[in-house]
Amino acid sequence: MKWFDYAVPQSLAETTHLLSTHPRARPLAGGTDLLVQLRSGAKVTGLVVDVKYVPELNDLSYAPTRGLTLGAAVPCCRIRSDQAVRQAYPALGEVASLLGGTQIQNRASIGGNLCNAAPSADSAPLLIVLRATCRLAGPVGTREIPVEDFCTGPGQSALQSGELLVSFHLPPPPSHFGACYLRFTPRNEMDIAVAGAGAGVELENGTFRSARIALSAVAPTPLFVREAGNWLAGKPANAESINTAAEIAKAAAKPITDMRGTAEYRRHLCAVLTRRALEAAVRRAKEARA
Amino acid sequence: MKTDDYVVVGTRPIRHDGADKVTGRALFGADLQLSGLLDGYVLRSPHAHARIRRIDVSKALAFPGVKAVVTAADLPQCPDRLVDYGEGPMRLRHLRGNILAGDKVLYKGHAVAAVAATSRHVAEEAAGLIEVDYEILPCTLTVVEAMREGAPLLHDDLRTVEFGEETGSVSNVAEHFRHVLGNADQGFAEADVIVEREFHTVTVHQGYLEPQAATALWNNDGRVHIWCSIQGAFWARDAISLILGLPPSRVKVTPMEVGGAFGGKIRVYVEPVAALLSKKAGRPVRIVMPRRDVFEATGPTPGSYTTVKMGARTDGRITAAQAYMAYEAGAYPGAMVGFGAICVFAPYDIPNVVIDGFDVVVNKPSTAPYRAPGATQAAFAAESVVDELAERLGIDPIEFRLKNAAKEGTRRADGPKYPRIGCLEVLEAMKTHPHYTAPLGGPNRGRGVAVGFWFNFTFPASCTISVNADGTVGLIEGSTDLSGTRTSIAMQAAEVLGICAGDVNPTVADTDSIGYTGVTAGSHTTFDSGWAAYEAARDVIRQMKERAALLWGLDPTSIEFAGGAFRAGERALTFKELCARMDETGGPIIGRATVKPASTGGSFAGNIVDVEVDPETGKVSILRITSVQDAGKAIHPGCVEGQMQGGAAQGVGWALNEEYFMGPEGTMLNSSLLDYRTPTSADLPMIETLIVEVPNPDHPFGVRGVGEAPIVAPPAAVANAINRAVGVRLQRLPMNPPAVMEAIWKKKG
Ligand SMILES: Cc1cc2nc3c(=O)[nH]c(=O)nc-3n(C[C@H](O)[C@H](O)[C@H](O)COP(=O)(O)OP(=O)(O)OC[C@H]3O[C@@H](n4cnc5c(N)ncnc54)[C@H](O)[C@@H]3O)c2cc1C
């Protein structure tokens, strides 16, 4: 690992200033991606900017009317153990305890997961189906974009030079809503998804009022399969509809063959996982309070 | 001493190293602090096969903080010869060549140069400034490819040895040997059913958690002191002295605690490099391998291509067996296929056998032993075929094995006749274990069985015991402790001395402080060093009888020692009481012994495994595993069970997910513990154990080595279980989800 400087800004303004004046600076949240990459030489930087002490990035607050604000640097262990989060967004609590193991969860953030922009990022499909948006701050101000527009390629994001991710906003869950993210890994823990599928559904009298489906690890970016959800809207919440939506998701996947699996196998998994995630989401929606 | 009225042997005292290990006080390879310590970093080849045209280290040497740079040019140059420091004969140029590449690099990760600097990061950055001019050569990565006519040659001077004789033909095949027993053609002619299958296994790593780490100090007087995480201090000393061209007496190796090894820490890697750097820098140098280097440059165990053909009569007797076994040695000869050939049909009494073995070099790291080296690949093939034969004949798989089980007097195809062994007893114990008849309780579930053998090694061992006035003893041994052997060795001394295990204080000594002792490998340590401790304790008792005789004015032959007390008629002194009178009876007492047993007791082990296969993803979940093993006599049953569980866990990893995932240019793409996928505790149920005890007649306590046999059967048992669950036989490891899924698709058409 090469020498680098380390800065610990205490405010958002200070952070964006540092990032915009040092073009190769790298934000550090939990460091569970960044430090590994710096050690292996996959990334090189002269300045690491620790964003964990910026108040806006540590915010975790929920109000039934407003929804959830999730600071980009909040570690998974906080999300996982937050009662309000677990009640309003049980699937989010699950993802926070799915990512890595206990030690990783003590450091790793959802913001870091998304900013790392790996196609396999486990939180991305779920954030997409929960209709989360990203708040970005840069030298010229702040802007909001939907999570599905954040990643632009492997390791590439919509962040402009000097910009950072401040927080996510999740709208309050509608009534009769359920969501679920499932990933497939050969090991039960400590593994990277071969494929993953997130599903969020809103039910109304036994039919889908709306639905969203997103996939991980089967395209250059986390993949929002808008057409699968749109197709489901208005359809009865039964096995036939679910299977068709799973096939639509499968058709949308553009996986590659690599050490984690062949393209064919991954496409197959997309259908299996989408079906299983939809089934779980429907179950949850049926149990959800009005 | 063949009685079962043992007081200490067979109990479960707390391990002597337990508190240090649990509280983090134990000092492992990287933990040594010396003043003036420098950190070293090894530059490794980015190519799997290339000629080194030129190395320019000038920029690295000029980098601030750098104190020394070494390359192969710093190794002593002398004519090649055959050398043997214990592992068997090998070429000195191969031994040295793996430490620092000379004219060619033979695998991605091959060491090329090294830098010592004031910090590891400086050393790493400076290593990046070394300019190496490579002429890239085509590489060959699998045994099947490497054996083909016209395959790229790793060594242009490697002449194939066929049936013991050099043939003069240059190829990647270092050796082809054959074992013949009876007449296989005739045996197959007698068979009613014949099954012949082809098997592939890929390269896997021992997967120890602690990376290799060594600190070296080349003193001004020409003596070299090395502290390292190593399985055998003496083997390391002798290998290092050969590599550095020094007499062994100039090299002192102090073994540190070892954070896992499994055969992968028998050979030296960074030790001689640290020594060369220290010589140049005039300061101690430490090298700790990064995980990537551990994967790319140490271990691994051979990938293999094997065919097995077996025939049996309808009455369930196996009439003939044939195996073709080709193993990947990695960059230098030594694929351990000979061991595989010993084990492939070892559990069975088969009258007609032919085994062909091939030791083949490929452009991958030079392979190293891994628990029962060569046997797991062999058993995966043979035990899959045995299972299929049983299935075809409609005979219960354990019953079928029992009908053919090897016993005392059975001749193995590689020559030896078995002494008393426990193969039948292990199979009987599996058959009557409640696991074997428990309901499976669901669809897509299956139960598989398999057995395995490891012959166990024997090496010389030394031990000294010094008696303390308070009735405790200090025990010095030469076997590094990988698995609690301090305790199993101390217990054998304690049994003889009539004291408790806690009153023996064992220490693993450096190579200047104890007699020669072989490497902690080959499942020999509790057997050999335990035997040395037993003899050293008897030496203590003999001397103490003389002391009692002196006190009582009797002849030493009239003193008896039993039940922890020295007696003559009415008079008695306990061991402790007599220790207190040591000073007045002639001063300190030291017992000592060395042993070099000629034979050793082989060990059989078997597994019952229940799996559930997800038919939609191909993922195999292990629901239940039982490991059964003949330990001869379990000195410390808890330590034996630990070996059985560890072997099963590693065997399952090998079966399901572990693999070197190689890119086409010979780069390992998953050289991290995240991507290598050793099973974690979340992937395994509690592994049940059952120790069978068929005492080894050739050991004072009946010990058989237990460390290796437990890894042999699991992959085959898992494969057999998958077949029972979903009706597909996998003949390629790992049986990972895509592979199982593909097999299911193929079956469905
Ligand atoms: C053992 C292990 C297991 C893992 N398991 C999983 C898993 O199961 N699933 C999974 O998806 N991932 C896994 N990961 C990857 C990693 O832990 C996650 O991606 C994690 O969420 C990253 O968060 P972090 O806070 O540690 O990010 P960091 O490493 O701090 O940052 C990640 C990247 O984002 C940038 N960044 C961080 N914060 C910001 C910000 N606010 N604005 C702009 N850029 C920013 C950094 O510069 C860096 O490039 C694992 C990693 C390890 C080492």
Side-chain angles (χ1 to χ4, degrees), chain A residues 1-4 32-33 35-42 44 97-104 108 118 120 182-197 217 243 246 250 255-277 279, chain B residues 41 46 64-65 119-128 202 290-293 614-622 652-653 655-663 667-685 734-745:
Chain A
M1 185 156 60
K2 294 208 172 155
W3 297 112
F4 53 77
T32 60
D33 277 318
L35 293 180
V36 177
Q37 291 157 352
L38 290 178
R39 267 171 172 273
S40 74
V44 182
S97 33
L98 176 75
L99 218 143
T102 305
Q103 292 97 325
I104 295 290
S120 59
L182 293 177
R183 68 172 185 184
F184 181 78
T185 56
R187 282 200 294 203
N188 290 330
E189 297 272 347
M190 303 301 282
D191 210 339
I192 303 298
V194 177
N243 284 340
K250 178 181 171 179
I256 54 164
T257 293
D258 68 6
M259 65 180 178
R260 301 210 167 92
T262 62
E264 188 198 5
Y265 179 63
R266 285 183 148 138
R267 256 191 296 273
H268 167 77
L269 284 179
C270 285
V272 174
L273 294 171
T274 302
R275 195 196 74 224
R276 290 181 182 178
E279 286 166 355
Chain B
Y41 183 86
S119 101
R120 181 169 173 167
H121 302 297
V122 171
E124 181 179 348
E125 201 167 340
V202 297
R291 177 66 54 188
R292 186 199 57 219
D293 293 6
D614 180 339
E616 287 188 325
T617 64
K619 182 165 169 169
V620 175
S621 300
I622 306 287
V652 167
L656 293 183
N657 283 308
E658 292 183 34
E659 82 179 289
Y660 272 46
F661 198 92
M662 304 300 286
T667 298
M668 181 186 183
L669 299 174
N670 58 336
S671 57
S672 76
L673 285 177
L674 182 58
D675 291 325
Y676 179 72
R677 296 192 179 123
T678 315
T680 75
S681 56
D683 301 303
L684 289 161
M735 301 177 283
N736 58 24
V740 175
M741 198 66 241
E742 214 144 280
I744 292 174
W745 281 336

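Below, read A as the first sequence line, B as the second, and so on, with proteins coming before strands; counting in each chain starts at 1.
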By a 4.5 Å heavy-atom criterion (distance strictly below it), what part of [X] contacts chain A: side chain, backbone, both, or neither?
X	result
B/E124	side chain
B/V620	neither
B/L656	neither
B/S119	side chain
B/N657	side chain

Minimal non-hydrogen separation, [X] against [Y], with atom names:
X	Y	answer
A/T185	B/K619	O-NZ, 2.9 Å
B/D675	A/R260	OD1-NH2, 2.6 Å
A/R187	B/L674	NH2-O, 3.1 Å
A/H268	B/E616	NE2-O, 2.6 Å
B/R677	A/I192	NH2-O, 4.2 Å

Inset, instruction - For the pair A/N188 (side chain) and B/A682 (backbone), establish whether a donor and an acceptor sit closer than 3.5 Å, ignoring hydrogens and angles. - result: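 Yes, because the side chain of A/N188 sits within donor-acceptor range (under 3.5 Å) of the backbone of B/A682.
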Legend entry - A/R276 and B/D614 ion-paired at < 4.0 Å: yes
Inset, instruction - Taking side chain to side chain donor-acceptor pair (under 3.5 Å) as the test, write out the residues that go with A/Q37, two or more places apart. - result: A/K43, A/N116
Inset, instruction - Look up atom OG1 in B/T680 and atom CD in A/E189, then write down how far apart they are to the nearest 0.5 Å. - result: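 The CD atom of A/E189 is 6.0 Å from OG1 of B/T680, to the nearest 0.5 Å.
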Inset, instruction - Give, as side chain, backbone, both or neither, the part of A/V36 having an atom under 4.5 angstrom from any heavy atom of chain B. - result: neither
Inset, instruction - Start with the C-alpha gap between B/V122 and A/W3, add the side-chain angles, then the distance that decides, and say whether side chain to side chain contact (heavy atoms under 4.5 Å, CB included) holds. - result: CA-CA 9 Å; B/V122 171; A/W3 297 112; 4.1 Å; yes
Legend entry - side chain to side chain contact (heavy atoms under 4.5 Å, CB included) between B/T617 and A/L269, worked out: CA-CA 7 Å; B/T617 64; A/L269 284 179; 3.8 Å; yes
Inset, instruction - Using a cut-off of under 4.5 Å on heavy-atom pairs, state which of A/K2, A/E264, A/R39 scores highest against chain B. - result: A/K2
